[in-house]
Amino acid sequence: MRIAFTGVRGIPDLYSGFETAATEISVRLAEKGHDVAVYCRRGYGDEGEDSYRGVRKIYLPRLQTKQLDTLSHTLLSCVHLFFHPVDAVVVFNAGNGPFCAILKLRGQPFACNTDGIEWERLKWGRVARLYWRFATWCCMKLSPEIIADAEKLQELYREWYGRESTYIAYGAHVETSEHPEILAKYGLQPDEYFFVASRLEPENNADLTVKAFEGVKTGKKLVIAGGANYRSPFIEALRRTRDPRVVFLGPVYEPGHIQELHCNCYAYIHGNEVGGTNPALLKALGYGNCVLYLDCGHRFNAEVAGAAGIPYPKDVAGLRACIQELVDRPEKVEAYRALGPRRIRQRYTWDYIAECYEELCWRLCEDKRAEDPAYGRFPLAERATAGDVE
């Protein structure tokens with residue numbers, strides 16, 4: 001099959017869940033013998049390389065503004081696909097929904113990964129939220145296949161839009177500490193800090209975490225890695241805490257550093273409440289963290305963590321009590337550390353996720369062949385040998 005991915009910044013992944021997913025999935029599909037391409041934005045990564053681990057990189061320009069960066073690049077990608085169609089396209093990000101009309105007009109088989117309920121993010125103003133609702137509606141009306149990254153999201157799409165979707169989550173790796181000496185660069189020691197790694201946006205509730213930690217009786221630190229790509233009054237307010245145990249690292253991009261910060265923390269606190277399967281939560285489980293997760297709203301976090309994490313309510317006193325219990329009961333921390341990797345191996349390996357995307361792309365091709373038997377590179381009878389290379 002010829003498969004294309006668009007809606008992402010590019011590959012390999014430098015940050016963000018979409019880029020990680022596109023990298024992990026596209027590389028595995030290329031290894032299976034498929035002709036895979038990823039649309040990349042000018043200015044992202046190494047423009048000097050035209051491929052990455054067998055995946056072709058197609059660079060196109062974009063308007064470098066907060067509001068139009070993603071949309072302008074995906075628009076150009078869809079126009080390019082109009083004139084250079086492939087067997088199947090995966091479009092990431094519901095915000096790109098209106099441009100799916102170009103693919104629909106061309107008769108191009110495609111699927112949309114909508115990535116949760118974007119209009120609930122507090123960072124967006126009224127106009128932006130209206131746009132996200134409209135764009136998601138476009139995805140539902142135009143896309144032959146919708147990818148829901150959580151089973152709960154499938155239920156919501158069925159309830160809100162009367163639309164069935166295909167459940168494919170994100171993946172994660174199971175990894176352990178390899179270079180603990182990296183901690184010294186941040187003035188940290190193993191097991192002596194609680195850890196948070198996420199974008200510092202209101203719906204990720206870092207303010208709740210800081211307020212709760214300020215009342216915990218412990219000599220351990222609270223280390224927060226992350227930031228925002230715009231000036232944020234929310235971050236400025238966070239940094240005004242007077243608790244010297246709270247440490248802000250800012251965004252951490254150095255290879256291997258997030259892994260070491262995760263693998264050597266005492267416990268991880270996950271406060272994200274918007275979206276489906278959250279990549280940060282999967283990472284924490286894969287790194288063998290004892291995970292505290294916010295359990296509220298649509299219960300996406302509970303679906304992902306299952307019995308491998310410890311839920312806490314959305315209030316300061318509740319989270320403070322959970323943190324204090326972990327401080328006082330290190331044996332509980334040790335017990336939960338063993339559960340996360342098991343959860344990842346059961347449900348969220350990238351090999352399995354890539355197989356799900358491959359099956360989806362084959363289904364898109366088969367649907368198109370039902371209309372046009374000559375469509376596609378490989379006849380269905382050759383699928384076992386041409387598409388499923390071991």
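- The hydrophobic clustering, which links ILVMFWY residues whose side-chain heavy atoms are closer than 4.5 Å, places Y293 and V196 apart.
- Aromatic ring pairs are classed by plane angle as parallel below 30°, tilted from 30° to 60° and perpendicular above 60°; the pair Y268 and F195 is perpendicular.
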* **side-chain hydrogen bond (donor to acceptor under 3.5 Å, both in side chains) between E120 and H298, intermediate numbers included** => CA-CA 11 Å; E120 289 189 358; H298 301 299; 3.3 Å; yes

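- A 4.5 Å side-chain heavy-atom check between P98 and Y131 finds at least one atom pair inside the cut-off.
- Pairing each heavy atom of A169 with each of T277, the nearest pair is CB-OG1, 3.9 Å.
- Looking only at side-chain heavy atoms (C-beta outward), L156 and I117 come within less than 4.5 Å of each other.
- Side-chain atoms of Q108 and H84 include no donor-acceptor pair closer than 3.5 Å.
- Remark: the T70 side chain and the R62 side chain contain no N/O donor-acceptor pair separated by less than 3.5 Å.
- L75 and L81 fall into different hydrophobic clusters, where Ile, Leu, Val, Met, Phe, Trp and Tyr are joined by side-chain heavy atoms under 4.5 Å apart, directly or via other members.
- A donor-acceptor distance shorter than 3.5 angstrom exists from the side chain of N264 to the backbone of E260, with no hydrogens or angles considered.
- Tracing side-chain contacts under 4.5 Å through hydrophobic residues (I, L, V, M, F, W, Y), one reaches L71 starting from V79; they form part of the same cluster.
- A salt bridge between R56 and D35 is present, with a side-chain N of the basic residue lying under 4.0 Å from a carboxylate O of the acidic one.
- Using a 4.5 Å heavy-atom threshold, the side chains of L60 and R41 count as separate.
- With hydrogens and angles left out, the side-chain atoms of Y39 and H80 include a donor and acceptor closer than 3.5 Å.
- The six-membered or imidazole ring of H262 lies near that of Y287, with a centre-to-centre distance under 6.0 Å.
- Figure legend: R163 and Y157 shown without cation-pi pairing, the cationic atom not lying both under 6.0 angstrom from the six-membered ring centre and within 45 degrees of its axis.
- The main-chain N or O of E24 is found under 3.5 Å from a side-chain atom of R28 such that the two form a donor-acceptor pair.
- Cluster annotation: V274 is not connected to L281 through the hydrophobic network of ILVMFWY side chains, with a link wherever side-chain heavy atoms come within less than 4.5 Å.
- Between E273 and N205, the side chains place a donor N or O and an acceptor N or O closer than 3.5 Å (distance only, hydrogens not considered).
- Annotation for A225 and I258: closest pair CB-CD1, 4.3 Å, computed over non-hydrogen atoms.
- Side-chain contact annotation: E118 with T136, donor-acceptor N/O pair under 3.5 Å absent.
- Judged by distance alone, the side chain of S232 and the main-chain N or O of I235 form a donor-acceptor pair under 3.5 Å.
- At a threshold of 4.5 Å between non-hydrogen side-chain atoms, the residues Y170 and F18 count as touching.
- Counting non-hydrogen atoms of other residues, nucleotides and ligands closer than 6.0 Å to CH2 of W137 gives a total of 12 or fewer.
- The environment of NZ in K141 is sparse: at most 12 heavy-atom neighbours from other residues, nucleotides or ligands sit within 6.0 Å.
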* Pair I146-C139, side chain to side chain contact (heavy atoms under 4.5 Å, CB included): steps then yes or no -> CA-CA 8 Å; I146 297 294; C139 288; 4.2 Å; yes

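- Under the 30°/60° scheme for interplanar angles, the aromatic rings of Y186 and H257 are found to stand perpendicular.
- Atom CD of E325 has more than 12 heavy atoms from other residues, nucleotides or ligands within 6.0 Å.
- Relative to the six-membered ring of Y266, K220 meets both conditions, a distance below 6.0 Å and an angle of at most 45° to the axis.
- Side-chain N/O atoms of H179 and E181 include a donor and acceptor closer than 3.5 Å.
- The pair E155-K152 counts as a salt bridge, with a side-chain nitrogen and a carboxylate oxygen less than 4.0 angstrom apart.
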* To do: Check the pair F99 / V91 against side chain to side chain contact (heavy atoms under 4.5 Å, CB included), numbers first and verdict last.
  => CA-CA 10 Å; F99 310 132; V91 181; over 6 Å; no

* To do: Report the C-alpha separation of W362 and M1 in whole Å, then their side-chain angles, then the decisive distance to 0.1 Å, and conclude whether the side chain to side chain contact (heavy atoms under 4.5 Å, CB included) test is met.
  => CA-CA 8 Å; W362 276 120; M1 270 186 298; 3.5 Å; yes

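- Between the D87 side chain and the R2 main chain, a donor and an acceptor come within less than 3.5 Å of each other.
- The residues R299 and E303 are annotated as not salt-bridged, no charged nitrogen and carboxylate oxygen being separated by less than 4.0 angstrom.
- Scanning all heavy atoms of the two residues, the minimum distance from Y59 to G45 falls at OH-C, 4.2 Å.
- A heavy-atom distance below 4.5 Å is not found between the side chains of L130 and W119.
- The only member of V223, I224, L222 that meets side-chain contact (heavy atoms from CB on, under 4.5 Å) when paired with F194 is L222.
- If you run side-chain contact (heavy atoms from CB on, under 4.5 Å) between F110 and each of T6, L103, L364, only L103 comes through.
- Taken together through direct or relayed side-chain contacts under 4.5 Å among Ile, Leu, Val, Met, Phe, Trp and Tyr, W160 and W132 form part of one hydrophobic cluster.
- Contact check on K32 versus D351 returns no salt bridge, with no Lys/Arg side-chain nitrogen under 4.0 Å from an Asp/Glu carboxylate oxygen.
- Counting only heavy atoms from C-beta outward, the side chains of Y167 and L153 never approach each other to under 4.5 Å.
- Within the 4.5 Å cutoff, side-chain heavy atoms of R245 are placed close to those of F213.
- The shortest heavy-atom contact between F300 and A150 is CD2-CB, 4.0 Å.
- When all heavy atoms are compared, the tightest approach of F5 to I25 is CZ-CG2, 3.8 Å.
- Annotation: side chain of Q154 is in contact with side chain of E151 (closest heavy-atom distance under 4.5 Å).
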* **Verdict with reasoning, H270 to N278, per side chain to side chain contact (heavy atoms under 4.5 Å, CB included)** => CA-CA 10 Å; H270 183 78; N278 189 275; 3.1 Å; yes

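- Looking at N113 and Y357, their side chains do bring a donor and an acceptor atom within 3.5 Å of each other.
- For R158, the CZ atom is densely surrounded, since the number of other residues' heavy atoms within 6.0 Å is greater than 12.
- Salt bridge annotation for R53-E31: present, with a cationic side-chain nitrogen under 4.0 angstrom from a carboxylate oxygen.
- A donor-acceptor pair shorter than 3.5 Å can be found between the side chains of H34 and E358.
- For K211, the NZ atom sits in a loose shell: 12 or fewer heavy atoms of surrounding residues, nucleotides or ligands are nearer than 6.0 Å.
- Salt bridge annotation for E236-R239: absent, with no cationic side-chain nitrogen under 4.0 angstrom from a carboxylate oxygen.
- Across all non-hydrogen atoms, the minimal contact from S26 to V36 is CB-CG1, 3.7 Å.
- Salt-bridge check for K57 with E49: passed, with a basic side-chain N closer than 4.0 Å to an acidic carboxylate O.
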